Amino acid sequence: MLDLNNIKVNKEDIEKKYRERGAEILLDSIIELDAERRRCIVKSDELKHLKKEVSREIGVIQKSGQLPADKIEHMKEISQQIKELDTLLDELEVKIREQLLFLPNIPHESVPVGKEASDNREIRRWGNPPVIKFQPKTHIELGTSLGILDFERGAKIAQTRFTLSKGIGARLERALINFMIDIQTRKFHCIEVLPPFLVNRTSMEGTGQLPKFEIDLFKTQDPELYLIPTAEVPLTNIFYDEVLLLSQLPVYLTAYSPCFRKEAGTYGAETRGLIRQHQFNKVEVVKIVTPDTSYDELEYLTGQAEEILRRLNLHYRIMSLCTGDLGFSAAKTYDIEVWCPGQNSFVEISSCSNFEDFQARRARIRYKPAPKAKPEFVHTLNGSALAIGRTVVALLENYQQEDGSVIIPEALLPYLDGVNKIEKNEGMF
RNA sequence: GGAGAGGUACCGAAGUGGUCAUAACGGGUCCGCCUCGAAAGCGGAUUGGCUCUUCACGGGGCCACGUGGGUUCGAAUCCCACCCUCUCCGCCA
């Protein structure tokens, strides 16, 4: 959510930034609504002031045994007027809030201007693609023939785009979760959290999934709760409507969670395989920081995700998303794309974003810069470290052998009791 | 699921229809005085939002007693709905 005062003062600027995002959004109506709102407040406050005074007088007079009928009549009128004004005020505030909630964040000045994914800017690369002297298979072929991934039965049990991991495949995912969380807690000092996987509407609004992206979310009824599309939602909302002390910042959090996404409108693209699923596992990092540090923190955060890929020795590149490709709530985002030989392309495996005060404003997360100072909004960041399913894709495709087996990289051996190779299991159902 | 109790400032808690919620009272925390130093004591400070005014410093007004409605000239106080917490019973991983 943007600051209304900022909108008033920098209207032209913000409209220009939105155009760079590919959105033609005019801010005149919201500014006019706000002006009307403030006119209403002035009138209403004056009447309330009067009401207070007269009400006090009535109390005094009645105490002395008299009945101030004229004043009571007067009060009826005042109360009626206040009621009407406040009703109008409510309507205005609802309208303003509705509009504000649909305004995307403003891209940071360092974000490359562009229309679509092809305009994203490559920042750096690490490592090299593996040398594979045969026709590489996809993770779908590998996983199915090894008996560790079962797409058909996943679809049978639930629906298409739900997958079953079996045997060493399931164990590999569990190992990856522990491996990633251990790095984030031990090396990067994150606090580990195991959050609720269902959240209420308010939380979804706090981080910006709602009201605009209802169509992408799974929802329960009675009670109405939403399945989280990322642990970012419960983690960031931990501090919903709280005022933190400066000494409490920064807060670094990490959590494993399954993620549930409807992926509306993506059928036809990547319907097969692990890359686009309705449910997948992910380890997420969330940072709550002071505004002056958030861009440094974005760089560190990206490094925290990179660390995992380096330890797994997977080739990747960092992309700075262009204005047109940026997510709704983000001011700046780095995507990390891992090389996948079976896809013969880079695949997004992490997305690290600085939201500045966009989410903080929605979720009212503030801090006191000094003991007596007014609370100010924090900056929030989050990044995947990493998406587990896609890490499995990368491992299978990068470490595949000619005979269809897959070598496990050394960093994971402690998490797999030394199992260093996935081979075909004839006994697997 | 059934029965009951409760939600007021950093914490405990009073207030059950008016005339100060900058919220009694107690505690905590911070600052000052006192002291060689400390304790005690004394004095002061200690929620947030909206808005008007001012170049600014500052000053004024309004709102908030879990949330939202209602009754009333007037609601923390009465009524309704919802949310949350606690106790007991039942059920349960």
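Predicted model, so just to flag it, every value in this text is computed and none were measured. Within every chain, numbering begins at 1; the chains are lettered A, B, ... in the order of the sequence lines, protein sequences first and strands thereafter.
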Counting only heavy atoms from other residues, nucleotides and ligands, does the tally under 6.0 Å from [atom1] of [X] exceed 12?
X	atom1	result
A:Lys95	NZ	no
A:Lys115	NZ	no
A:Glu410	CD	no

*So, is A:Arg366 close to the B:rG49 phosphate, meaning a side-chain N or O under 4.0 Å from OP1 or OP2?*
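For B:rG49, OP1 or OP2 has a side-chain N or O of A:Arg366 closer than 4.0 Å.
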*Can a salt bridge be assigned to the pair A:Lys219 and A:Glu214 using a cut-off of 4.0 Å between side-chain N and carboxylate O?*
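Counted as a salt bridge, because a side-chain N and a carboxylate O are separated by less than 4.0 Å.
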Output side-chain donor-acceptor pairs under 3.5 Å for residues 412-422 of chain A, partner residues at least two apart or in another chain, one line each.
{"unit_1": "A:Tyr415", "atom_1": "OH", "unit_2": "A:Asp182", "atom_2": "OD2", "d": "2.7"}
{"unit_1": "A:Asp417", "atom_1": "OD2", "unit_2": "A:Arg171", "atom_2": "NH2", "d": "3.0"}

Would you kindly give the [atom1]-to-[atom2] distance between [X] and [N], to the nearest whole Å?
X	N	atom1	atom2	answer
A:Asp86	B:rU51	CG	P	15 Å
A:Asp241	B:rC84	CG	C1'	15 Å
A:Glu36	B:rU51	CD	P	15 Å
A:Leu92	B:rU51	CG	P	13 Å
A:Glu93	B:rG68	CD	C1'	15 Å
A:Leu89	B:rA64	CG	P	13 Å
A:Leu4	B:rG49	CG	P	16 Å
A:Tyr367	B:rG48	OH	P	15 Å

*So what does A:Lys368 touch, heavy atoms closer than 4.0 Å: a base, only the sugar-phosphate, or nothing?*
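Sugar-phosphate: the residue A:Lys368, judged by heavy atoms under 4.0 Å, touches backbone atoms but no base.
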_Using a 4.0 Å heavy-atom cut-off, does A:Arg39 contact any base of the nucleic acid, only the sugar-phosphate backbone, or nothing at all?_
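Here A:Arg39 touches no strand at all.
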Show which side-chain atoms of residues 46-58 of chain A pair as donor or acceptor with protein atoms under 3.5 Å away, not counting sequence neighbours.
{"unit_1": "A:Lys48", "atom_1": "NZ", "unit_2": "A:Asp86", "atom_2": "OD2", "d": "3.3"}
{"unit_1": "A:Glu57", "atom_1": "OE1", "unit_2": "A:Lys71", "atom_2": "NZ", "d": "3.0"}

Work out how far the [atom1] atom of [N] is from that of [M], and round it to whole angstrom.
N	M	atom1	answer
B:rG66	B:rG61	P	26 Å
B:rG12	B:rA23	C1'	14 Å
B:rC20	B:rC57	C1'	28 Å
B:rU54	B:rC31	P	38 Å
B:rA40	B:rC52	P	47 Å
B:rA76	B:rU16	C1'	9 Å

*Quick one: pull up CD in A:Glu397 and CG in A:Leu314 and give me the separation to the nearest 0.5 Å.*
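Atom-to-atom, A:Glu397:CD and A:Leu314:CG are 11.0 Å apart.
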With a 3.5 Å limit on both atom pairs, tell me what [N] is paired to, counting Watson-Crick and G-U wobble, or say none.
N	value
B:rU87	B:rA3
B:rU72	none
B:rC33	B:rG41

Give me, pair by pair, the N or O atoms of the protein and of nucleotides 57-63 of chain B that are less than 3.5 Å apart, along with how far apart they are.
{"unit_1": "B:rG61", "atom_1": "O3'", "unit_2": "A:His49", "atom_2": "ND1", "d": "2.9"}
{"unit_1": "B:rG61", "atom_1": "N2", "unit_2": "A:Asp45", "atom_2": "OD2", "d": "2.9"}
{"unit_1": "B:rC62", "atom_1": "OP1", "unit_2": "A:His49", "atom_2": "ND1", "d": "2.7"}
{"unit_1": "B:rC62", "atom_1": "O2'", "unit_2": "A:Asp45", "atom_2": "OD1", "d": "2.8"}
{"unit_1": "B:rC63", "atom_1": "OP2", "unit_2": "A:Lys52", "atom_2": "NZ", "d": "3.2"}

Tabulated below should be each protein N or O lying under 3.5 Å from an N or O of nucleotides 71-81 of chain B; please produce it.
{"unit_1": "B:rG74", "atom_1": "OP1", "unit_2": "A:Ser79", "atom_2": "OG", "d": "3.2"}

*Would you mind listing every side-chain hydrogen bond (donor to acceptor under 3.5 Å, both in side chains) that reaches into residues 143-154 of chain A, with sequence neighbours excluded?*
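As it turns out, the side-chain hydrogen bond (donor to acceptor under 3.5 Å, both in side chains) pairs with a partner in residues 143-154 of chain A, which skip direct neighbours, are A:Asp150-A:Arg153, A:Asp150-A:Lys166.
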*Which class fits the ring pair A:Phe162 and A:Phe218: parallel under 30°, tilted 30 to 60°, perpendicular over 60°?*
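Plane angle between 30° and 60°, so tilted.
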*Looking at residues at least two apart in the chain, or sitting in another chain, which of them share a ring pair (Phe, Tyr, Trp, His ring centres under 6.0 Å) with A:Tyr226?*
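Here no residue qualifies.
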